[in-house]
Amino acid sequence: MSKPLENHWTAVVNGEQKHLEIAQTTRLVDVLRTHLHLTGTKVSCEVGRCGACMVLMDGEPVNSCLVMAYQCAGSDITTIEGLHGEEKGTLHPIQQAFVEEGGFQCGYCTPGMVISTKALLDAHPEPSHEQIETGLCGNLCRCTGYGGIIRAVRKAGERCAIRETSAEETVS
Amino acid sequence: MLLNREQSGKRWHLRPDGAPKVTGQLQYLTDMTLPDMIHGRVLRSEYPYARILSIDTSEAEALEGVYAVLTSKDVPGLNRFGIATPDQPVFCEDIVRYVGDAIAAVAADSPERASLALDAIRVEYEELTPLNSTDAALAPGAPELHEHGPGNVLHRTEIKRGDAEQAFATCDHIVTETYYTPRQMHAYMETEGGLFVPDEEGRLNVYAATQHGYKDRMQLARIIGCPEEDIRVVSSPIGGSFGGKDELNVQPYGALLALRCGRPVKMHNSRKESVRAGLKRHPMKIEMQTGMSREGIIQAHRVRITADTGAYATLGAPVLNFCTEHCLGPYAIPNVDVEGVSVYTNNGLSGEFRGFGGNQAIFAMEGQMDRLAAIMNMDPWEFRRRNMREKNDPGPLNQRILVTDGLSQVWEALDRSELWQKHQSPPADPSLPPWIKRGVGAAIAMHGAGLGYGIPDPAGGRLSLNNEGKIEVAFSYEEFGQGLVATLEIMLCDLFQCSTSDLSIIIGDTDRVPHSGSSTASRSTTMAWMALQRLQTPFRSRVLAVASEMYGVPADELVTGPGGVWRKGQLPAGSSEAETPEKAERIEVAEIVAVGNESTQIAENYLGASQYLAKDEAPSGLVISYAELATQGEADEWIFDTKFDYPTTPDNVVGGHYLYTYAAVAAEVEVNTLTGATKLLDTRHVVAAGPVINPMGYIGQIEGGSVMALGFTLTEDAVMQDSRYVTTNFDTYLIPTIQDIHTNLEVEAIEDLPEGDAFGPRGIGEIGSVALAPAITAAIHQATGVWVNRLPVPREQLVRPLNVPLQEGVSPS
Ligand code: FES
Ligand code: FES
């Protein structure tokens, strides 16, 4: 017989170990927004369709409205608050590109978009148009018509590629 | 000018709210929390139409952790709201008229407990047969949903000119068609909600999205039965609205619960609740009959509009007015017979939505134009030109309008475009399988801005030098994503040659802004521009006069500049430019904003967002800084106010507009005739709306409007069955994703305005969304020969059997 779940939950969130006493059936989005006050992760459809709640779980993009606490206990979670440039307090090249290219309007979809873009560029540093479409088709945006987002993703791709090349050069 | 980043050069202005938005630090009003807050929920109707026999809240009240259960008995003031016609009950007393109707509200110590309490409220209903269509509602003997009938008619419109009856008799060709448009959903990403905080002085602080804080304040005061000054409404930033948050939504419940409990109450609708309770675009049936002479000149136009306004009035009447005005298109038609009716039903709630009834009208009218051109065997664009109004002709309602060249300019620019030229000889692509068909279509529109004649449309604004030495503007407009704050920054930097760090921009807080009208009807850019035109001279004169007095330099040798007042000719190079991309490279993120902090800080944190942008280096050689100036004299001597009305036509035609923007759109589509799927390949929007102040915002509004129109055309419909929503979330209500959008979209801006035009840049919030649908359906016609008359385009109409040889071994079914 399986043991009843205990309410002790721990995970690494944005690089910090977190311990909470919560029901294991709490949704990750509520763990983040309500219990950890990380309201950068947004909530909109709650059925896994809009991507506003996207976070990285062990590096993979997941809809945090569909993940229960017990499913992510012990994992490494990155939210929009965990993304930054080379130093804390600066913008990540993806965030920078969204600002420069007008990749947002109301901004409510933006944290999710940025997170999905991060996952996309991690997998495909120089994504083709099809890869951008596939990578971001789980994120809805009602304001921008996606034009600015696509331009931002392309620019971020170029930037990340440059950064990576220069990093390799320093290593070699 | 083709509008893109490259063409925009230094006017490509980075939004001050960029860094907080891309880092997730920006707190929307639905992100706000307070340590001692409780949670509010609303009990909504089980039926679209029913009589309430009894409501028993005792069990809910007895639950542990429940602080309040409110029903209609608990509304101290007016138990009704609605911007134009307050006929929507805060809580229903005896009848429910749609599935979003509110019966009770609860506040409890957790959202879970609040929903338990909702379940514990016992409501007995007598179910009635819903009026699930306008036909049912107009049928003789149909029950009347409201006392203020007659019947179930909210509003009627009429335009009659000449003698249509007679003219039709002499016409050589007549096209008759009925057009249907869907119940489109705003689908803003942030659902309705906010925080409601009573304070020690007995005031209520409302942090909830709206397009017009003052209007909310007025309505809430009426509901609560208190002076308006007892309420403060903080209403920006907003995670999208598109017209959908203009009416009150959660505010009455949050406000009443907070006052009853004496504690902060948080409300946040789930998506399902948002769909069920919220506004939609009016579904319309538009019957049109258009007749022309042998030469292809339109002689007569008969239109019957039936709009399903749903359970309550909201802005149903003005929407119908707008639709009526726009169903004549930008054409000169001598004999006109238009009638419109807006009908109450039990089908949800229709209201304001980007385009405001123009989208439906333009889809129908442009559809007629293509059909007429086809009968004439004439190029549809040339056919439009022959029938277009002349520059000096009156507007659609025979009213005087401001003369511009916009219409002919957009016509010509589109005519020249490569995309439209393809229309002449659709390129045959032999690499495509035979069931893939391509076509190109186009449409043109004139679209009124402002609320129109006879509707109070106040505007104004405040410009001041605040005591920190910032040039401060305050408007009652809202930032719901359109980039208003960035546009204001650009305007102010242009006017005063100052830098963004000299500015303080205040919006979205009734305690801090003057009453200057709402962010609706594509009006804020024009209004802000006009206000600043009026305010700049008195403001500048005082600044220069004081500086001149202090330093003994004649005022006419001084100018305003970055940081303060400068001697003429000595401004630092490039100072008049808005933030450049180079500066943007230095964007840094400020300290993380504490969450759940003293809530009143939120607006300030947001509005102080320009701190995120790199500050200019302290300029040398200036005469006096703004900060020093601000210490001279009394603070109120540095404040300048203006009040005026949005320009309207001088002619007495209710709803008639004075300012119009113009657009032409071409679209190329690819139709898969095996599946009926349509893909938008290439689009060009030509827009004549005066000077482009903020290119990034302009492109974004047109792109966003265009994709919203794409959804309106191909996929979006909040389907109802027996007055209940079938499509309740984004899994079945399909808005375009990044995979569904135009492969290519170009925006061409025509910036000319007549010499001495006093109204400046026109708003472009709606013009991108009004003419795409007919362009797409025209393209579908060229591709497939099917005349589409219903949106979203029914796929089954486009499926064509093909004589494709069957594969070996596959038996025909
Ligand atoms: S809120 Fe999670 S996908 Fe929409
Ligand atoms: S920017 Fe508003 S939803 Fe994407």
Side-chain angles (χ1 to χ4, degrees), chain A residues 33-34 37-50 52 79-81 83-85 88-92 94-114 129 132-151, chain B residues 5 12 14-15 17-28 31 33 186-191 237-242 268 270-271 480-483 581 584-585 587-592 595-596 696-697 699-708 729-731 735-739 741 745:
Chain A
R33 283 177 61 85
T34 311
H37 302 304
L38 295 170
T39 53
T41 299
K42 301 301 177 197
V43 60
S44 182
C45 72
E46 303 177 78
V47 295
R49 188 61 196 87
C50 74
T79 71
I80 187 71
E81 289 92 344
L83 224 60
H84 52 74
K88 241 190 171 149
T90 60
L91 295 182
H92 187 275
I94 295 173
Q95 294 168 322
Q96 177 92 25
F98 269 73
V99 175
E100 287 168 23
E101 294 297 326
F104 67 92
Q105 286 181 26
C106 82
Y108 203 78
C109 70
T110 312
M113 284 287 176
V114 169
H129 189 75
I132 296 179
E133 283 190 344
T134 315
L136 296 185
C137 69
N139 290 76
L140 298 178
C141 173
R142 190 54 153 174
C143 303
T144 63
Y146 305 101
I149 293 173
I150 293 173
R151 292 189 284 276
Chain B
R5 184 181 172 152
W12 194 258
L14 302 190
R15 293 174 58 146
D17 52 354
K21 282 183 175 171
V22 299
T23 55
Q25 288 175 25
L26 177 66
Q27 277 212 318
Y28 292 80
D31 291 332
T33 54
H186 301 78
Y188 29 73
M189 282 296 128
E190 183 194 29
T191 51
I238 303 176
S241 179
F242 318 110
H268 197 171
S270 68
R271 176 62 58 181
F480 36 83
Q482 76 277 43
E585 304 293 337
I587 290 177
E588 286 182 8
V589 187
E591 283 297 286
I592 301 269
V595 179
M696 186 199 277
I699 295 173
Q701 285 294 298
I702 301 301
E703 286 179 336
S706 185
V707 169
M708 193 173 254
N729 204 329
F730 292 141
D731 50 353
I735 71 169
T737 72
I738 204 165
Q739 277 186 324
I741 60 167
L745 189 163

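Quick caveat: nothing in here was measured; it's all calculated off a predicted structure. Numbered from 1 within each chain, the chains take letters A, B, ... in sequence-line order.
- Looking at Ile150(A), only its side chain comes within 4.5 Å of chain B, counting heavy atoms on both sides.
- Per-residue heavy-atom pair counts under 4.5 Å with chain A were compared for Gly705(B), Ser706(B), Gly700(B), and the maximum is reached by Gly700(B).
- Heavy atoms closer than 4.5 Å to chain B are found nowhere in Thr34(A), neither backbone nor side chain.
- In this structure, the portions of Leu140(A) lying under 4.5 Å from any heavy atom of chain B include both its backbone and its side chain.
- Residue Met696(B) touches chain A through its side chain alone, counting heavy-atom pairs closer than 4.5 Å.
- Between Arg5(B) and Glu101(A) there is a salt bridge, since a side-chain N of the basic residue sits under 4.0 Å from a carboxylate O of the acidic one.
- Taking all atoms of both residues into account, the shortest heavy-atom contact from Cys143(A) to Phe242(B) is SG-CZ, 3.7 Å.
- At a 4.5 Å heavy-atom cutoff, the contact between Arg142(A) and chain B is made by backbone and side-chain atoms alike.
- Considering only heavy atoms from C-beta on, Gln739(B) stays 4.5 Å or farther from Leu136(A) through its side chain.
- Across all their heavy atoms, Gly24(B) and Pro111(A) have their closest contact at CA-CG, 4.3 Å.
- Listed options Gln701(B), His268(B), Glu703(B) were ranked by heavy-atom pairs under 4.5 angstrom with chain A; first place goes to Glu703(B).
- The minimum heavy-atom distance between Gln105(A) and Gly481(B), with the atom names listed, is CB-O, 3.0 Å.
- Atom OG1 of Thr41(A) and atom CG of Asp31(B) lie 10.0 Å apart (nearest 0.5 Å).
- Comparing Ile741(B), Ile738(B), Thr191(B) by heavy-atom pairs within less than 4.5 Å of chain A, the highest count is held by Ile738(B).
- Under the 3.5 Å distance criterion, the side-chain polar atoms of Ser44(A) are matched with a main-chain donor or acceptor of Met189(B).
- In this structure, Gln95(A) contributes its side chain and Val22(B) its backbone to a donor-acceptor pair below 3.5 Å.
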